2 protein chains.
Amino acid sequence: MVTLRDVARMAGVSAKTVSRVVNDDPAVHSETRDAILAVIRQLDYVPDHAARMMRAGTSSVVGLMTDVVATTPYSVDIVRGAQDALRRDGRTLLIANTEGDRVLEREYWRMFRAHKVSGVIYATMYHRPLDLGEPEFARTIVLANCFSPKGDCPAIVPDDELGGYAQAAHLLRLGHRRIGIVSLNPVLRASVLRGAGFRTAFAEFDVPFEPDLERPGFTGPIGEEMIVAYEAALDLLRRPNRPTAIICGNDKIAMQVYGAAASLGLSIPQDLSVMGFDDMTVIAETLRPALTTVGLPYFEIGRRSVEIMAGLPAAPQAERHQPILVPCPLVERDSCRAIA
Amino acid sequence: MVTLRDVARMAGVSAKTVSRVVNDDPAVHSETRDAILAVIRQLDYVPDHAARMMRAGTSSVVGLMTDVVATTPYSVDIVRGAQDALRRDGRTLLIANTEGDRVLEREYWRMFRAHKVSGVIYATMYHRPLDLGEPEFARTIVLANCFSPKGDCPAIVPDDELGGYAQAAHLLRLGHRRIGIVSLNPVLRASVLRGAGFRTAFAEFDVPFEPDLERPGFTGPIGEEMIVAYEAALDLLRRPNRPTAIICGNDKIAMQVYGAAASLGLSIPQDLSVMGFDDMTVIAETLRPALTTVGLPYFEIGRRSVEIMAGLPAAPQAERHQPILVPCPLVERDSCRAIA
DNA sequence: CTGAAAGCGCTAACAG
DNA sequence: CTGTTAGCGCTTTCAG
């Protein structure tokens, strides 16, 4: 293994000077620097991470604690976003998947300590409030897709209310007035917030909000819910005065709405417009017609979590944090059409 | 920060003895051990990873080099499988996503070196041959979902041929004799292997293989292909003597086949049985009826990659490796039915 | 079974 | 601008 000393010897300088070059310290004569750089390249020297980190007392590793985010199709983008931001300055991400297991989570906190991670991103599968308790709060933590009601941590979450507004407003603008809703589990925070967004949009267009046109697309407790969007959609579409458009709580629901519509001989978007949520490309781009939906900005959330962490003061402040809201963009495809 | 010495001082022993306890060295009096363990718990001591690794010269970190695997919905399971195996003995996974970029890949190889990773799992998105070249071959590498034609690395891949056989055999057993195929891009290795599997199954049941009943579900070059399974299925289903079942190259294709069938007023599985591949739960469990499909054993591949690495000799052998084949299990749901 | 000394590769602190 | 010295936290000798 090639070490700093090998480089120093070969370049005829001291170890410290090589160290300076490796760390981009400007206080090195440019000729000396070039010579050292040449030796580094020739020997293919790579600084030892462990040694640097031991000396520095901190590491270039950031921990990502998740329940199931890192391994769930539509939220891996949080990982990608964080890695993208980290990679630019040679840092790395240590990913911990608790699968919701508290014991495992504790084990991972120790692992983070062993690795002296410089910060932790705590990401959850569902947009929800979260209480981390005290023990680990000394360290730099950023909450992603969740937030602390006490406001003791910076947090970044999707703007579900605006997302709901975008869903409804788009259909209203296209002229729809009887709009059905097949929603997420109503206890979910996302569901509540989007509901508020719908109402705002409906009010703006002077369209009364008819609770009777709304059905839950899932039943059962969170975590083991069953999807019943197919039945919900059938129910909605068999009404004497059926809706001309359906807003869905996510793209899976939209997928079942497609199926229900087809079984009734209704075609999309001629007879029915469908609006999804999540922008899971696997579904949205594969459905025929391709699904118009609202995206969850997970990549952005991951990327910005790293930025927020970088901007955090070294000592924990007493300041209260408001969750940062990231907009959910409308992704227009072919499942919504304008009506008279 | 609590160090080994703090524990030693408090327990009234030398640092080395504490080190022995931490490393499960049996040569410690059990009373001494218990006393030390108590102090460790009391002080909440966590051994410093960097220091250990520096001394040991190797680390407990394994690198995962991927093209897009780690961030692709249906292959994140490789990551989960590998992490699951590593976690059991306190090791961790350093994930590198090259997104197919050679420059980035080289950067990541250096990162792996800096971290002194004890081994590397090289996983690809598609089951394919791969030439890694020479430079990094000194280290311990396991190929996952790909293999080296030269056989200079251990490799583990899904048994696509058997998977194809399972798809066809299941339908044949249910009595189907006119079976359509909407396949993957035919240049893909998976496609070729599964084709061989189909033929074996057809031959066993004395059913002639009709090339005319096969259509590609994707067109265009790999990486930017377009899905045209909908049209392919329409074409197949409009034939005078339409197939009673369709085998799909993946679950996305199956999704479009569902759409095509619905548009023709055909219902699944009464009028048509559909068989998927991949077992992407997002699709397979959401389709109505739920999709019978064949699973890609990615979790297993990830898990076993770690095991294979552990069993590798320290010095690279000249021996030739045959790729290890992992079976693809049939996952029965509701989209296939028996016919007379 | 236990301890003392040495040193892994690197950088902070301080001189020159 | 460059070098010297010391030491991060741990484990490997090698002695007790």
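Quick note on labels: first sequence line is chain A, next is B, and so on, each numbered from 1. No experiment lies behind these values; they were computed from the predicted model shown.
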For chain B, the stretch of DNA chain D it reaches, first to last nucleotide, under 4.0 Å of its heavy atoms
dG9(D) to dT12(D)
Are the side chain of Asn145(A) and the backbone of Thr124(A) linked by a donor-acceptor contact shorter than 3.5 Å?
yes
I'd like to check the side chain to side chain donor-acceptor pair (under 3.5 Å) partners of Arg303(A); sequence neighbours left out, ordered by chain and number.
Glu300(A), Glu307(A)
Over the length of the helix from dC1(C)-dG16(D) to dG16(C)-dC1(D), how much do the five-pair end axes diverge, rounded to 10 degrees?
30°
Carboxylate-amine/guanidinium contact Glu105(A) Arg102(A), below 4.0 Å:
yes
Could you work out, with salt bridge (charged side-chain N to carboxylate O under 4.0 Å, His left out) as the rule, every residue matching Arg88(B), not counting sequence neighbours?
Asp84(B)
When Arg55(B) and Asn23(A) are each assigned the nearest nucleotide of DNA chain C, the 5'-most assignment goes to Arg55(B)
Taking only side-chain nitrogens and oxygens of Arg52(A), does any of them come within less than 4.0 Å of OP1 or OP2 of dG9(C)?
no
From His115(B) NE2 over to Thr92(A) OG1, what is the distance, rounded to the nearest 0.5 angstrom?
4.0 Å
Within residues 28-40 of chain B, the residues having a heavy atom closer than 4.0 Å to DNA chain C are Val28(B), His29(B), Thr32(B)
How close do Arg33(A) and Val28(A) get, counting heavy atoms only, and between which atoms?
NH1-O, 3.5 Å
Any side-chain heavy atom of Val157(B) sitting closer than 4.5 Å to one from Arg189(B)?
no
Please lay out, stage by stage, how Arg55(A) and Met54(B) fare under the test side chain to side chain contact (heavy atoms under 4.5 Å, CB included).
CA-CA 11 Å; Arg55(A) 201 65 268 247; Met54(B) 192 158 98; over 6 Å; no
Within this structure, what is the CE-to-P distance between Met54(A) and dG7(C), rounded to whole angstrom?
15 Å
Would you say Asn97(A) and Thr66(A) are linked by a side-chain donor-acceptor pair, where the criterion is simply a distance under 3.5 Å?
yes
Tell me which of Thr3(A) and Pro26(B) sits closer to the 5' end of DNA chain C, going by the nucleotide each one is nearest to.
Pro26(B)
Take Ser118(B) and Met309(B), measure what side chain to side chain contact (heavy atoms under 4.5 Å, CB included) needs, and give me the verdict at the end.
CA-CA 9 Å; Ser118(B) 59; Met309(B) 193 150 56; 5.8 Å; no
Keeping the roles fixed (side chain from Asp67(B), backbone from Met125(B)), state whether a donor-acceptor pair exists under 3.5 Å.
yes
Within the distance-only criterion (no hydrogens, no angle test), does the side chain of Asn23(A) pair as donor or acceptor with the backbone N or O of Asp25(A) below 3.5 angstrom?
no
Quick check on contacts: within residues 7-20 of chain A, what sits under 4.0 Å from DNA chain D by heavy-atom distance?
Val13(A), Ser14(A), Lys16(A), Thr17(A), Arg20(A)
Find out whether Leu296(A) and His127(A) are in side-chain contact, i.e. whether some heavy atom of one side chain is under 4.5 Å from a heavy atom of the other.
no
